[in-house]
Structures are given as structure tokens and as C-alpha cells.
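Reviewing the structure listed below.
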Amino acid sequence: MKLLNTMLTKIIRTGTLEVVDAEGTVHRYAGTPEPFVRVKLHDPSLYSSLVWNPDLKAGEAYMDGTLTIEQGTLRDFLTLFAINRGVSRKLPIQRPLRRMAKRLKSLWQRNTLVQSQRNVAHHYDLSNELYGLFLDSGMNYSCAYFRSPMDTLEEAQQNKLRHIASKLDLKPGQRVLDIGCGWGGMAIYLAQNFDVHVTGVTLSKEQLALAQQRAEQLGLADKISFQFKDYRDVAGTFDRIVSIGMFEHVGISYFQQYFGKIQSLLAPDGVALVHAIGRKGGPGTTGKWLRKYIFPGGYSPALSETFAAIESSGLWVTDTEIWRLHYAETLRAWYDRFEANRDKAEALLGETFCRMWEFYLITSELSFRYFKHMVFQIQLAKTVDTLPLQRDYMVDIERELIAAEGKT
């Protein structure tokens, strides 16, 4: 307990943390009175593991019940460490560990054709019923766009689809490729609102089955083709390419291949839109717990890494937009819905899973509220004059869509 006591004494500058050790002794670490959290460590082995591997072991301990929250909530506990993160990252014991993680990150992102399918199945093939418990009715599993704080999750996700569609500058009869199409939300929106044909590809069997079912039920089977396929195996030429929340699964070693593939698939006057989670402040790593339990092979890139890969592809960056707190609000909405349906989730996948999912949703939300995460949208083209030189066309298209939906 001595090392853990020393570390927590240095870390807690804002708020108060009380730790009840396995022997029942209370240790208090106070910077300011609020927020206040009290936790109990039921296993003495946590004393050292939380020092050397806090990111992984804290999550695992909460999952298996060897760390319990006695006063406050899990959100309070994680927020306490989020607001004190700047101090913890400066501790001498953490610096060499972070440097080593950055050197090895490409090893954890070996997303070969076989491994990519396994990684996708790990997360996205859990259960369509599970995702239906907390996503919007359109099953959109990416950052929503809140035009107003009063927007519901359904409205915010519709805003996102509309906003992206406006950037694609679609024309009748065009062929659209949706890389990582999920449950088909974007493809369905485009097919319903534009005279285009959409091909969606995914490596999730669960997503594919539901996407195909939705297209059939909506009478869109002749306008949408959903396929079980890796983006690297796609052939043909497309007028528009959209990729939402998929670039995070590509892996640092495959960035040039990804943008090179987009370049090769685009028609000479084609346009692509990549929507993904990124980070400010330069290259980083994926946390151990998130990498092990939630997104194996995943990585949210720095803008510098992303633009370097785009430059090597020969594509033009024709527009870039940064969303800051939109994903924090999206994740909070998902968490609230998950908690409202927690009993159903537990019946599906068990109590340990529910604790894991709560930890995932809250830590992800806090990464946007307090850390360096954001969402970027990068519009790409092959030629410098493919798109209008002013951004007015995006606004005009979006307003037309809003009017057609009867919104203000």
C-alpha cells in the first residue's frame, strides 16, 4: 500500500478520494472538498498493480468487483481522476511506460485481413439486441451532431447524417461507397433522400444481417447493396465515398494503404468524406484496458498522422471540420439509455459485462470532456476544382434537407 499511497498523495489535487484497503484501513487523499469519492479495494494485490498498470487494472478491478464504489458513483470516481490527469501523467513512474507504449503501438494494431475481422467481431458482433438498448432508433453508432442542447439523440443523429450528406454534394445516379457501413444508417439516409446507389461494406456479420433486413423492410433493396467485405477488397469506381467511425479501426501502419485505397476507388471527379475520432497534441496510444476489452486493434489518430497519410495518397483535402464536445454528449446519452435498460443488458450478457460497458461509456465520454479527443471530418477530392470554391453549397443542401424534413 505504501507505493499506492505515495502515488495518490501526489495525484489528487482537486477533489477528495478515500480508499478503504483490504484490511479496512481508510486512507484519505484531499486537494479540495469536492468531488468526493470513497472506494474499497478488496484484494491486496491491487496495491501494486494499480501503481504499475492503473489504466488496465482499475477497469478490471471494477469489472470483477475487487474495487467497489462506497460513496459517490463510478462517474464521480472516473471524473476525479480525469480532472487530476495532468498531475498523474507527470509522475516519473508513468513517463517511461508511456514512451514504451508509443514505440510498441504498431504491434497492437496489426490489422491484417484476418485480424481485422476478429477485431470487428469482438466488439460489433456482441448482439444487435444489446446495441438496440442504447443507440437511437436509426442504430447510428458514431458521434451525433447537436444543433441545439435540446436535441434528442434521434434528432442529433439525423443532424449528423444530414450534415455529412451536404458535404458529399451528391448528384442523381451517382455510385456511393460506405466503408464500415454499420447497421446501415448512412446508406439508408442517402438512398431515401438522393437518387443514388449505395454499396455498404462491413466486417460484422451481425451488422450486415440487420442492415440488409432494414433495407428490405424500407423497400430500398434495389438502391442499397450491403456486403461482408474488407475495404481493401473492394473493387470498382465510385463517385462518392463516405467512411464514418471506421478509420479508428484501420491501425497506424495501414493509414497510407487506407487513403491510397480511397484514391484508387474514386472516380476522377469523385469526393470522399472521412468522419473519425482524433486527438490533438500529437500521436498517442490506445489505453490498455480499452485495447483489451473494447477495441482491439483500434487507435484514434492525431491530425498530424492523418494528414501525413493523406498527403502521400495524392488526394486534395478540400474541407476539414472539428467537432469537440458533440461526442461527449452522445456518449452521455448512450450511457443514460444503457442504464435505463441495464436489467435487459444483464439478462443478455451478465453483470460483469454491464460493469465493463459502463466503464467504457463513461471513460470515453470523459476523454472528450477533459482529455484531447475530438471528432474530425475531412473532405477529399482527386482534383482541385471538383467542388465549388465556396462552402455555401453545403449550407444550401443542408437547409434544403431540413426544409424537406419539416424542421426549423
Side-chain angles (χ1 to χ4, degrees), residues 142-143 145 159-181 185-201 223-225 231-247 250 254-276 278 301 303-323 375-404:
S142 57
C143 180
Y145 186 61
N159 295 341
K160 183 262 300 294
L161 298 177
R162 189 191 311 118
H163 197 68
I164 290 174
S166 74
K167 296 184 177 184
L168 290 173
D169 193 29
L170 293 157
K171 302 294 188 293
Q174 288 186 327
R175 296 152 296 173
V176 183
L177 173 65
D178 185 351
I179 299 177
C181 62
M186 187 79 245
I188 289 170
Y189 183 84
L190 296 180
Q192 287 178 324
N193 291 278
F194 299 89
D195 181 19
V196 296
H197 185 276
V198 187
T199 298
V201 295
K223 300 186 72 175
I224 306 175
S225 172
Y231 74 95
R232 288 165 285 194
D233 289 333
V234 176
T237 303
F238 298 88
D239 304 291
R240 299 293 186 264
I241 297 176
V242 63
S243 179
I244 304 173
M246 183 274 174
F247 184 52
V250 168
Y254 304 86
F255 284 3
Q256 291 187 9
Q257 183 181 31
Y258 172 82
F259 287 108
K261 186 65 177 180
I262 288 177
Q263 198 275 347
S264 70
L265 292 172
L266 270 182
D269 58 350
V271 176
L273 192 287
V274 176
H275 167 116
L303 290 173
S304 56
E305 295 171 300
T306 305
F307 280 106
I310 294 172
E311 288 171 0
S312 70
S313 73
L315 290 165
W316 274 92
V317 174
T318 48
D319 190 81
T320 302
E321 183 177 3
I322 304 298
W323 294 3
V375 168
F376 60 76
Q377 289 186 348
I378 300 177
Q379 186 193 59
L380 305 164
K382 273 191 170 181
T383 62
V384 68
D385 58 350
T386 294
L387 291 156
L389 300 186
Q390 291 77 33
R391 300 182 82 250
D392 304 52
Y393 72 94
M394 299 182 193
V395 178
D396 292 341
I397 293 171
E398 195 161 4
R399 285 176 176 167
E400 289 172 6
L401 291 167
I402 291 172

Within-4.5 Å side-chain heavy-atom neighbours: [X] and [Y]:
{"X": "D178", "Y": "F238", "result": "no"}
{"X": "I262", "Y": "I179", "result": "yes"}
{"X": "P388", "Y": "M394", "result": "no"}
{"X": "Q379", "Y": "L387", "result": "yes"}
{"X": "I224", "Y": "I188", "result": "yes"}
{"X": "W323", "Y": "H163", "result": "yes"}
{"X": "I164", "Y": "I244", "result": "yes"}

Of all heavy-atom pairs between [X] and [Y], which one has the smallest distance, and what is that distance?
{"X": "E321", "Y": "Y145", "value": "OE2-OH, 4.1 Å"}
{"X": "A165", "Y": "L190", "value": "CB-CD2, 3.8 Å"}
{"X": "K223", "Y": "A191", "value": "NZ-O, 2.8 Å"}
{"X": "M246", "Y": "G180", "value": "CG-CA, 4.0 Å"}
{"X": "P268", "Y": "T383", "value": "O-CG2, 3.7 Å"}
{"X": "Q174", "Y": "L170", "value": "OE1-CA, 3.5 Å"}

Checklist entry - What residues, two or more places apart in sequence or in another chain, satisfy ring pair (Phe, Tyr, Trp, His ring centres under 6.0 Å) together with W316? => result none
Checklist entry - Can you list the residues that meet the ring pair (Phe, Tyr, Trp, His ring centres under 6.0 Å) rule with F247, with sequence neighbours excluded? => result F255, Y258, F259
Checklist entry - Is the side chain of R240 donor-acceptor paired with the backbone N or O of D169 at a distance under 3.5 Å, no angle test? => result yes
Separation between [atom1] of [X] and [atom2] of [Y], rounded to the nearest 0.5 Å:
{"X": "L273", "Y": "T318", "atom1": "CG", "atom2": "OG1", "result": "8.5 Å"}
{"X": "C181", "Y": "M186", "atom1": "SG", "atom2": "CE", "result": "12.0 Å"}
{"X": "T320", "Y": "L380", "atom1": "OG1", "atom2": "CG", "result": "8.0 Å"}
{"X": "K382", "Y": "S313", "atom1": "NZ", "atom2": "OG", "result": "10.0 Å"}
{"X": "N193", "Y": "E400", "atom1": "CG", "atom2": "CD", "result": "11.5 Å"}
{"X": "I310", "Y": "I378", "atom1": "CD1", "atom2": "CD1", "result": "4.0 Å"}

Next on the checklist: Would V196 and D239 count as a side-chain contact (heavy atoms from CB on, under 4.5 Å) here? Give the steps.
Outcome noted: CA-CA 10 Å; V196 296; D239 304 291; over 6 Å; no
Checklist entry - Is any side-chain N of the basic residue among D319 and R391 closer than 4.0 Å to the acidic one's carboxylate O? => result yes
Next on the checklist: Can you see whether Y254 has R232 sitting over its ring - NZ or CZ less than 6.0 Å from the centre and within 45° of the normal?
Outcome noted: yes
Checklist entry - side-chain contact (heavy atoms from CB on, under 4.5 Å) between Y231 and L265: does it pass, once the steps are laid out? => result CA-CA 10 Å; Y231 74 95; L265 292 172; over 6 Å; no
